[in-house]
Amino acid sequence: MATLTLYDYWTIIHRRRSMVGLTTASAVVVAVVISLLLPPVYESVCEFYVISESPTQSRTLGAPPAPSRSSRVAPVVLQDLEKWYQGLLETEGVRELVHDSVQAKDIAALRRDVDIEFTRKHIARVRVRDHDPKIASDVANAYPTALTNFLARIGDLREERLLSSINKSLTENNQQLEQMYKRLRRLLGEKRSPSVSGEIQ
């Protein structure tokens with residue numbers, strides 16, 4: 001059996017050029033018709049910095065610690081911070097805040113039409129698609145404010161829980177100290193110490 005060469009393939013295509021041309025033309029016509037019938041989709045992009053260098057804020061919010069500028073593991077820590085912030089941007093809480101700002105875009109549409117990524121320069125990039133360019137722009141610009149408000153909320157909540165835990169610990173410690181004080185008074189009283197208050201001090 002003889003091996004086909006490129007010339008043989010070209011001969012076959014040349015013989016069936018009418019069929020190839022008709023198939024190509026029909027595919028182009030169908031693509032053009034579909035593109036004209038479908039409504040246009042606009043994309044809006046918003047880029048902003050979200051990495052905080054404040055160690056106090058990181059401890060309050062539960063974020064990974066911000067690296068020092070001289071640290072050799074800074075890229076690894078930056079990746080952890082970016083994953084943490086990206087997870088926050090993709091939470092339902094942030095989507096609800098964005099929906100509160102832009103009522104025309106519901107949460108299901110935000111989940112479907114919004115893509116969030118980080119660039120090589122550690123910048124958060126939010127891509128929003130919508131049939132209305134103004135809605136796409138408003139949603140993209142609403143994400144930085146929504147993230148800031150969400151961080152403030154969880155920061156206040158963590159501080160309230162921390163203060164509540166501290167107050168509870170102080171109450172328990174005061175109760176234990178009071179019991180120990182009573183035991184010490186009873187012990188010194190049994191030993192008939194001349195100065196109970198002095199011994200307690």
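The distance from the OG1 atom of Thr119 to the CD atom of Glu82 is 7.5 Å, given to the nearest 0.5 Å. To the nearest 0.5 Å, atoms CG (Asp138) and CG (Asp132) are separated by 8.5 Å. The line from CD of Glu96 to CG of Leu110 is 10.5 Å long, rounded to the nearest 0.5 Å. Between atom CG of residue Asn173 and atom CD of residue Gln175 there is a gap of 9.5 Å, rounded to the nearest 0.5 Å. Interatomic distance, CE of Met180 versus CD of Glu178, reported as 11.5 Å (0.5 Å rounding). Interatomic distance, OG1 of Thr145 versus CG of Asp100, reported as 12.5 Å (0.5 Å rounding).
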Kindly indicate, with the supporting measurements, whether the criterion side-chain contact (heavy atoms from CB on, under 4.5 Å) is fulfilled by Asp130 and Val41. CA-CA 5 Å; Asp130 197 89; Val41 177; over 6 Å; no
Going through the distances and angles, do Trp10 and Thr5 end up as a side-chain contact (heavy atoms from CB on, under 4.5 Å)? CA-CA 9 Å; Trp10 167 250; Thr5 62; over 6 Å; no
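Side-chain atoms of His99 come within 3.5 Å of backbone atoms of Lys105 as a donor-acceptor pair (strictly under, hydrogens ignored). Under the 3.5 Å distance criterion, the side-chain polar atoms of His122 are left unmatched by any main-chain donor or acceptor of Tyr49. Formation of a donor-acceptor pair under 3.5 Å by the Ser26 side chain with backbone atoms of Thr23 is found in this model.
Between Arg95 and Glu90, no side-chain nitrogen of the basic residue sits less than 4.0 Å from a carboxylate oxygen of the acidic one, so the salt-bridge criterion is not met. Between Asp115 and Arg129 there is a salt bridge, with a side-chain nitrogen of the basic residue lying less than 4.0 Å from a carboxylate oxygen of the acidic one.
Looking at every heavy atom in both residues, Ile116 comes nearest to Val114 through CG1-CG1, 4.1 Å. Across all non-hydrogen atoms, the minimal contact from Ser44 to Ser137 is OG-CA, 3.3 Å. Smallest separation of non-hydrogen atoms from Leu97 and Ala146: CD1-O, 3.3 Å.
Taken together through direct or relayed side-chain contacts under 4.5 Å among Ile, Leu, Val, Met, Phe, Trp and Tyr, Ile107 and Val102 form parts of separate hydrophobic clusters. By the criterion of side-chain heavy atoms lying less than 4.5 angstrom apart, applied directly or through intervening Ile, Leu, Val, Met, Phe, Trp or Tyr residues, Val98 is grouped together with Ile154 in one hydrophobic cluster. In terms of hydrophobic clustering, with Ile, Leu, Val, Met, Phe, Trp and Tyr side chains grouped at heavy-atom distances under 4.5 Å, Val45 and Ile135 are assigned to different clusters.
No side-chain heavy atom of Leu151 sits under 4.5 Å from any side-chain heavy atom of Arg153. Using a 4.5 Å heavy-atom threshold, the side chains of Phe150 and Leu88 count as touching. Between Val94 and Tyr143, some side-chain heavy-atom pair lies under the 4.5 Å cut-off. Looking only at side-chain heavy atoms (C-beta outward), Glu43 and Val128 stay at 4.5 Å or farther from each other. Using a 4.5 Å heavy-atom cutoff, the side chains of Tyr42 and His131 are not in contact.
Atom CZ of Arg111 has more than 12 neighbouring heavy atoms from other residues, nucleotides or ligands inside a 6.0 Å radius.
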